[in-house]
Amino acid sequence: MKWFTLISGVLTFLIGIWIFANPLVVTASIGWLLALIIFLVGITGFIDYMSKSREERTIWNLLQSIVSIIFGFILLTSSIFSLTTAVVTIAAYWIILIGILRLISGYRLRQMGFPQSNRFFWTGSFALLLGLILLGQPLLSSAIIGRFVALLLMATGISSFLVFLRLPR
């Protein structure tokens with residue numbers, strides 16, 4: 001077990017260094033997985049559409065499947081920069097929407113007299129600001145996210161190495 005701790009710590013640290021040097025790899029990998037999922041959802045939806053009887057089929061199900069297949073294929077064949085910006089842009093829109101919904105919830109809770117409504121305003125405002133930053137600079141945000149992941153992996157590797165040194169022989 002002691003040597004496993006050392007080996008895993010060294011590998012984790014080395015992977016962290018590699019990711020630090022190539023920070024866009026993290027978000028590009030997430031983007032590639034997202035593209036694959038979208039493509040497979042489209043294929044599955046199309047197969048499901050074809051397996052149904054004519055009465056159960058709708059043009060909207062077919063259209064949704066075709067759009068998913070096309071969009072997934074385009075993303076799968078995109079460059080690393082396209083994938084990284086796509087992932088961050090999708091996340092940015094999601095965070096902005098969550099921020100807006102939290103602001104609305106905070107407003108409604110304040111109207112109903114709940115004293116904890118300020119928390120919703122703060123978190124909603126923070127989410128809205130973060131989403132706008134991500135949306136404004138998706139490539140830079142991808143690099144920063146990649147660097148944070150790299151630093152986390154390097155810290156984990158160092159921690160494993162320190163555990164290795166403290167384990168009895």
Side-chain angles (χ1 to χ4, degrees), residues 7-52 56-106 119-161:
I7 292 169
S8 67
V10 169
L11 287 175
T12 303
F13 184 78
L14 291 174
I15 291 169
I17 289 174
W18 184 77
I19 290 175
F20 195 83
N22 304 294
L24 299 180
V25 168
V26 173
T27 48
S29 298
I30 294 168
W32 189 84
L33 286 173
L34 180 65
L36 183 62
I37 289 169
I38 291 169
F39 183 74
L40 291 176
V41 164
I43 296 289
T44 304
F46 184 74
I47 291 170
D48 183 53
Y49 174 83
M50 296 307 284
S51 67
K52 290 181 178 178
E56 293 177 314
R57 294 180 185 175
T58 66
I59 190 68
W60 300 112
N61 288 344
L62 178 62
L63 187 60
Q64 180 181 349
S65 299
I66 291 171
V67 167
S68 294
I69 291 169
I70 292 170
F71 186 63
F73 182 76
I74 290 170
L75 284 175
L76 282 172
T77 58
S78 296
S79 70
I80 188 171
F81 295 110
S82 298
L83 288 175
T84 55
T85 56
V87 168
V88 173
T89 302
I90 290 168
Y93 281 122
W94 177 72
I95 292 170
I96 288 170
L97 181 62
I98 294 300
I100 291 169
L101 292 175
R102 290 199 63 89
L103 288 172
I104 292 169
S105 295
R119 179 178 44 160
F120 285 89
F121 283 111
W122 283 105
T123 58
S125 299
F126 179 73
L128 195 57
L129 180 64
L130 177 64
L132 291 172
I133 290 170
L134 290 175
L135 191 60
Q137 293 292 325
L139 195 58
L140 178 63
S141 299
S142 295
I144 291 170
I145 291 167
R147 293 267 161 83
F148 278 133
V149 169
L151 290 173
L152 177 65
L153 288 173
M154 289 189 292
T156 302
I158 290 170
S159 175
S160 294
F161 180 73

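Nothing fancy with the numbering, it's 1 onward along the sequence. Note that the structure is predicted; figures quoted are calculated from it, not measured.
- With values rounded to the nearest 0.5 angstrom, Ser78 atom OG is found 9.5 Å from Phe73 atom CZ.
- The shortest non-hydrogen separation linking Gly9 to Ser160 is CA-CB, 3.4 Å.
- In this structure, Leu11 CG and Leu153 CG are separated by 11.5 Å, a value rounded to the nearest 0.5 Å.
- Annotation: Tyr49, atom OH; neighbour count of heavy atoms from other residues, nucleotides and ligands within 6.0 Å is above 12.
- Between Val25 and Trp18 the shortest side-chain heavy-atom distance falls below 4.5 Å.
- Atom CG of Leu151 and atom CD1 of Ile19 lie 10.5 Å apart (nearest 0.5 Å).
- Side-chain contact between Leu139 and Leu24: present, with at least one pair of heavy atoms (C-beta onward) separated by less than 4.5 Å.
- Checking side-chain atoms of Ser65 against main-chain N and O of Asn61 turns up a donor-acceptor pair under 3.5 Å.
- Around atom CZ of Phe121, more than 12 heavy atoms belonging to other residues, nucleotides or ligands sit under 6.0 Å away.
- Side-chain contact check for Arg57 versus Leu62: every heavy-atom pair is 4.5 Å or farther apart.
- Here CZ of Phe39 is found 10.5 Å from CD1 of Ile70. Values are rounded to the nearest 0.5 Å.
- In terms of heavy-atom proximity, Gly99 sits nearest to Ala127 at CA-CB, 3.7 Å.
- Side chain to side chain, Ser82 and Ser79 meet the donor-acceptor criterion of an N or O pair below 3.5 Å.
- Considering every non-hydrogen atom in both Ser68 and Gly42, the closest pair reads CB-CA, 3.6 Å.
- Contacts of Ser105 classified as side-chain contact (heavy atoms from CB on, under 4.5 Å), with partners at least two apart in sequence or in another chain: Phe120.
- Thr12 places no side-chain N or O within donor-acceptor distance of the main-chain N or O of Gly157, the cut-off being under 3.5 Å.
- Checking side-chain atoms of Asp48 against main-chain N and O of Thr44 turns up no donor-acceptor pair under 3.5 Å.
- Without hydrogens or angle criteria, Ser142 side chain to Thr84 main chain gives a donor-acceptor distance under 3.5 Å.
- Between Leu34 and Leu75, every side-chain heavy-atom pair lies at or beyond the 4.5 Å cut-off.
- We find the CD1-CD1 distance between Ile133 and Ile95 to be 10.5 Å, quoted to the nearest 0.5 Å.
- Ala92 and Leu135 get closest at one heavy-atom pair: CB-N, 3.6 Å.
- One distance of note links CG of Leu101 with CG of Leu128; it measures 11.0 Å at 0.5 Å rounding.
- Closest non-hydrogen pair, Arg147 versus Phe20, comes out as NE-O, 2.8 Å.
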